[in-house]
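What follows is a short report on a single structure.
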Amino acid sequence: MNRRIAGFALAAAVFAADQASKIWAIGLLDTPDAPRFDLTPFLALTMSWNRGVAYTMLHSDGDFGRYALAGLAAAASVFLGFLLWRAKTNAAAAAFGCLIGGALGNAQDRLTHGAVADFLYFHTPFWAGPLANYVFNFADAAIFAGAVLLIYESFTSQAPAAS
């Protein structure tokens, strides 16, 4: 299969899986008395609405911020689509597909709900730092996977020989 088609198909699959998981999570967890479901000692299900970006940076309750963040994600997705189209390896195409699908999934939440639905609660005994408490969703996981794939690709791809 052509890597371009595979990359865009992966973006669509990530978007669909993200939206389906959020519909399920919102139905299960978005009530005032919804309990936290502990899946493991470090992972639980709980509802959290993120009105910003990573770690709630650029928090915005108003429509301007909501649409600006959704627009930024859409613009980034167009740029990433251009990079996917030019991808030289399957790993790069998969990485861009993950990034596009995740960005569009979170943008859809902003347009539909005014905030991003996060429900996977990763927690550790650390009292501070990014691993202490982190609530995320499938789109966030796909974005992380895409970034890791791009880093992997940068270390494993062959640099062109100097002439």
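Quick note: numbers below take in every heavy atom, side chains included, and nothing from hydrogens, waters or symmetry partners.
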Residues two or more places apart in sequence or in another chain: which of them pass side chain to side chain contact (heavy atoms under 4.5 Å, CB included) with Leu10?
Val14, Ala94, Cys98
Return the minimal non-hydrogen interatomic distance between Tyr121 and Arg36, and the atom names on each side.
CE2-NH1, 3.3 Å
Rounding to 0.5 Å, atoms CD1 (Ile100) and OG (Ser77) come to a distance of 6.0 Å
Gap separating the OH atom of Tyr134 from the OG atom of Ser48, nearest 0.5 angstrom
11.0 Å
Heavy-atom nearest pair, Ala87 first then Arg3, reads O-CD, 3.3 Å
Taking the side chain as C-beta and beyond, is there a heavy-atom pair between Thr156 and Tyr152 under 4.5 Å?
yes
Locate the shortest heavy-atom distance separating Ala91 from Glu153; write the atom from each residue and the value.
CB-OE1, 3.4 Å
Would you say the side-chain atoms of Asn106 pair up with the backbone N or O of Val116, donor to acceptor, closer than 3.5 Å?
no
Taking Arg51 for the side chain and Gly114 for the main chain, is one N or O donor matched with an acceptor at less than 3.5 Å?
yes
Run through the side-chain heavy atoms of Ile, Leu, Val, Met, Phe, Trp and Tyr, join any pair under 4.5 Å, and report what else lands in Ile151's cluster.
Phe155
Treating Ile, Leu, Val, Met, Phe, Trp and Tyr as nodes and any side-chain heavy-atom pair under 4.5 angstrom as an edge, say whether Leu28 and Phe138 lie in one connected cluster.
no
Which distance, rounded to the nearest 0.5 Å, do you find between the CG of Leu80 and the CD1 of Ile143?
9.5 Å
May I ask whether Ile23 and Val135 are part of the same hydrophobic cluster, defined by side-chain heavy atoms of I, L, V, M, F, W, Y residues being less than 4.5 angstrom apart, directly or through others?
no
Quick one, Leu111 and Tyr67 - any side-chain contact, counting heavy atoms below 4.5 Å?
yes
Are the side chain of Arg110 and the backbone of Ala115 linked by a donor-acceptor contact shorter than 3.5 Å?
no
If you take all heavy atoms of Leu104 and Phe15, which pair is closest and at what distance?
O-CE1, 3.5 Å
For the pair Gln108 (side chain) and Gln19 (backbone), establish whether a donor and an acceptor sit closer than 3.5 Å, ignoring hydrogens and angles.
no
Between the CG atom in Asp140 and the CZ atom in Phe122, the distance rounded to the nearest 0.5 Å is 14.0 Å
Count I, L, V, M, F, W, Y as connected when their side-chain heavy atoms are under 4.5 Å apart, and connections chain through other members. Are Leu72 and Phe82 then in the same cluster?
no
Give the intermediate values and the outcome of side-chain contact (heavy atoms from CB on, under 4.5 Å) for residues Asn50 and Phe136.
CA-CA 9 Å; Asn50 185 352; Phe136 62 101; over 6 Å; no
Under a 4.5 Å cut-off applied to non-hydrogen side-chain atoms, are Leu84 and Phe8 in contact?
yes
Nearest 0.5 Å, please: how far is CZ in Phe96 from CZ in Arg86?
10.0 Å
Is any side-chain heavy atom of Leu99 closer than 4.5 Å to a side-chain heavy atom of Leu150?
yes
Taking the side chain as C-beta and beyond, is there a heavy-atom pair between Leu29 and Leu45 under 4.5 Å?
yes
Where do His123 and Leu43 come nearest, in terms of heavy atoms and distance?
NE2-N, 3.8 Å
Heavy atoms only: give me the nearest Ala95-Gly146 pair and the separation to one decimal.
CB-O, 3.4 Å
How would you list all residue pairs meeting salt bridge (Lys or Arg N to Asp or Glu O under 4.0 Å) that involve residues 11-33, not counting sequence neighbours?
Asp18-Lys22, Lys22-Asp109
Do Asn137 and Phe119 have side-chain heavy atoms sitting under 4.5 Å apart?
yes
According to the interplanar angle, ranging from 0 to 90°, do the rings of His113 and Trp49 count as parallel (below 30°), tilted (30 to 60°) or perpendicular (above 60°)?
tilted
